[in-house]
Amino acid sequence: MKLLSLLFATSLLATPVLANKVFVSNEKSNTITVIESDSWEVIDEFHGGNRPRGITMSPDGKLLYVCASDDDLVRVFDAETYKEVYTLPSGPDPELAVLHPSGNPLFLSNEDDNLVTVVDTETRTVLAEIPVGVEPEGMAISPDTKWVINTSETTNMAHFIDTEDLAIKHNILVDQRPRYAIFTQDGSKLFVSSEIGGTISVIDPNAEGGPVLTTKIGFEVPNVQPEWLQPVGLRVTSDNKWLFVALGPANRIAVIDVETNEVVKYILVGQRVWQLDFTPDEKYLLTTNGNSNDITVIDVDAQKALKSIQVGQQPWGVVVSPN
């Protein structure tokens, strides 16, 4: 009996960990590339609608939500079979989306119509259309789910939308062309990237009297022209230690110490790096590189690029399936 128990325990230890799937939206080829995270091999590619950009997954990893910008809707795919199961109304030109941690609702930015659309993922109906600034893009939700953040590229603001009544309660002015927003996991900081301004705005969302801008982070890379330093996609480690910033045509990822707001390193990646996502264990960070048509795999602990993987034309968004 002891021997059998030992053999059983040994077999459990030897059981391989299931790989996560990496889904990449290719804006120009209208496809979704699927990569396996253990072998880093492309295992499939399927049609993602016309001009797929923002991409996210249901909390259980069963459904893939793709903002098909030129179709004016969200296409929903089975994450195992890659078959389209239904669509969601989105308003015109959906660009980025954030899903409530419960899986419902979905918040979308409508770039051409200056709206944030709120969609019930179960009834597949529009719950609300919230007027925001000009050219809305970035979407984020606070860890306590109290706030949804939208960034408007032309108005240069981060809008704080109350998730209870779906009304804007605060507007924070940031630098030119804000692209993306993300909270630290403890909710103590909100980061907003400004592509043309070349900065990250650091906002205290919990300040007395309402959110306040506390500082801005700039970038400087030897032999890289300042106008190429265009921060876009953002990711923060769950221990609130590191912020990773995609710097667009600078072809680099900036690594920022969250506590000090100081840039500690730049990682060279592919051309026109755009969006980012971690594997669930945060061992790897994946970047989409739009002009070199590939993604870069970064070792998070070593803060080092490991390899590149060819995908479709102009990769835009990336999401990794949960465990």
Common cluster, V224/F219, ILVMFWY with side-chain heavy-atom separation under 4.5 Å: yes
Which pair of heavy atoms, one from G317 and one from I55, lies closest together, and at what distance? C-CG2, 3.6 Å
At their closest point, which heavy atom of R235 faces which heavy atom of D277, and how far apart are they? NE-OD1, 3.2 Å
Keeping T81 on the side-chain end and K83 on the backbone end, is there a donor-acceptor pair under 3.5 Å? yes
Under the side chain to side chain contact (heavy atoms under 4.5 Å, CB included) rule, what do T214 and I203 come out as? Steps first, then yes or no, please. CA-CA 6 Å; T214 59; I203 296 169; over 6 Å; no
Measure the shortest side-chain to side-chain distance between V311 and I35 over non-hydrogen atoms and say whether it is less than 4.5 angstrom. yes
Take a 6.0 Å sphere around NZ of K241 and say whether it holds more than 12 heavy atoms from other residues, nucleotides or ligands. no
Less than 4.5 Å apart, side chain to side chain, heavy atoms only: is that true for F278 and V320? no
Look up atom CE in M139 and atom OH in Y180, then write down how far apart they are to the nearest 0.5 Å. 10.5 Å
Beyond-backbone contact of V24 with L286, side-chain heavy atoms, under 4.5 angstrom: no
Take F77 and F23, measure what ring-ring contact (aromatic ring centres under 6.0 Å, His included) needs, and give me the verdict at the end. CA-CA 11 Å; F77 298 90; F23 296 92; 9.2 Å; no
Does any N or O in the side chain of T288 come within less than 3.5 Å of the main-chain N or O of V318, such that one atom is a donor and the other an acceptor? no
Find the distance between CG (D72) and CG (D93) and round it off to the nearest 0.5 Å. 7.0 Å
Please report the interatomic distance CH2(W40) to NZ(K307), rounded to the nearest 0.5 Å. 8.5 Å
On a heavy-atom basis, the closest approach of L190 and A181 is CD1-CB, 4.2 Å
Decide yes or no for F191 and V202: does some side-chain heavy atom of the first lie under 4.5 Å from some side-chain heavy atom of the second? yes
Consider only side-chain heavy atoms of I, L, V, M, F, W and Y, link residues closer than 4.5 Å, and tell whether V273 and F244 are in one cluster. yes
For the side chain of T279 and the backbone of Y284, is there at least one donor-acceptor N/O pair under 3.5 Å apart? yes
Which pair of non-hydrogen atoms, one from P94 and one from S90, has the smallest distance, and what is that distance? CG-OG, 3.3 Å
What's the spacing between D70 CG and N30 CG if we round to 0.5 Å? 7.5 Å
Full working for side chain to side chain contact (heavy atoms under 4.5 Å, CB included) between V236 and Q185: CA-CA 8 Å; V236 183; Q185 293 294 314; 5.7 Å; no
Is a donor on one side and an acceptor on the other found under 3.5 Å between the side chain of N293 and the backbone of Q314? yes
Any salt bridge between E95 and R51, counting N to O under 4.0 Å? no
Under 3.5 Å: donor-acceptor pair, side chain of S142, backbone of W147: yes
Apply side chain to side chain contact (heavy atoms under 4.5 Å, CB included) to W242 and V264, showing your working. CA-CA 10 Å; W242 301 113; V264 299; 3.6 Å; yes
I want to check something: taking the side chain as every heavy atom from C-beta on, are V232 and Q275 in contact at a cut-off of under 4.5 Å? yes
Do the side chains of V245 and L247 get nearer than 4.5 Å, heavy atoms only? yes
Would you say E135 and T154 are linked by a side-chain donor-acceptor pair, where the criterion is simply a distance under 3.5 Å? yes
Donor-acceptor under 3.5 Å (Q303 side chain, K265 main chain): no
Is the shortest heavy-atom distance from the side chain of P52 to the side chain of W316 under 4.5 Å? no
Under a 4.5 Å cut-off applied to non-hydrogen side-chain atoms, are T151 and V174 in contact? no
With side-chain hydrogen bond (donor to acceptor under 3.5 Å, both in side chains) as the rule and sequence neighbours excluded, what pairs involving residues 97-110 come up? H100-S102, N104-D120, N104-T121, N110-T117
Does a side-chain N-to-carboxylate-O contact under 4.0 Å join K21 and D44? no
Is it the case that the side chain of T155 and the backbone of V134 share a donor-acceptor pair, with hydrogens and angles ignored and the cut-off at 3.5 Å? yes
Closest non-hydrogen atom pair between L96 and G138, with its separation: CD1-CA, 3.9 Å
Between CG of L99 and CG of L63, what distance do you get to the nearest 0.5 Å? 9.5 Å
How many angstroms lie between atom CZ of R177 and atom CG of N156, to the nearest 0.5 angstrom? 9.5 Å
Could you pull out the closest heavy-atom pair between K169 and D162, with the gap in Å? NZ-OD2, 3.1 Å
How about CD on E259, more than 12 heavy atoms from neighbouring residues, nucleotides or ligands closer than 6.0 Å, or not? no
Please confirm whether the backbone N or O of K146 pairs with a side-chain atom of T163, one donor and one acceptor, at under 3.5 Å? yes
State plainly whether one hydrophobic cluster holds both L229 and I267, where clusters connect Ile, Leu, Val, Met, Phe, Trp and Tyr through side-chain heavy atoms under 4.5 angstrom apart. no
Filter on side-chain hydrogen bond (donor to acceptor under 3.5 Å, both in side chains), then keep only pairs touching residues 215-226, sequence neighbours left out; what's left? D175-K216
Same cluster (ILVMFWY, side-chain, under 4.5 Å), I217 and L234: yes
Decide whether T33 and N26 meet the rule of one side-chain donor and one side-chain acceptor closer than 3.5 Å. yes
Output, in order, the C-alpha distance, side-chain angles, deciding distance and verdict of side chain to side chain contact (heavy atoms under 4.5 Å, CB included) for N289 and Q271. CA-CA 5 Å; N289 312 314; Q271 298 174 21; 5.5 Å; no
Look at the side-chain heavy atoms of Ile, Leu, Val, Met, Phe, Trp and Tyr, link any pair under 4.5 Å apart, and say whether V34 and V66 land in one connected group. yes
Using a 3.5 Å distance criterion without hydrogens, assess whether the side chain of D71 forms a donor-acceptor pair with backbone atoms of N50. yes
Assess whether atom CH2 of W228 is packed by more than 12 heavy atoms of other residues, nucleotides or ligands within 6.0 Å. no
For G187, does its backbone N or O pair with a side-chain atom of N206 as donor and acceptor, under 3.5 Å? yes
Charged N to carboxylate O below 4.0 Å: is that the case for E111 and R53? yes
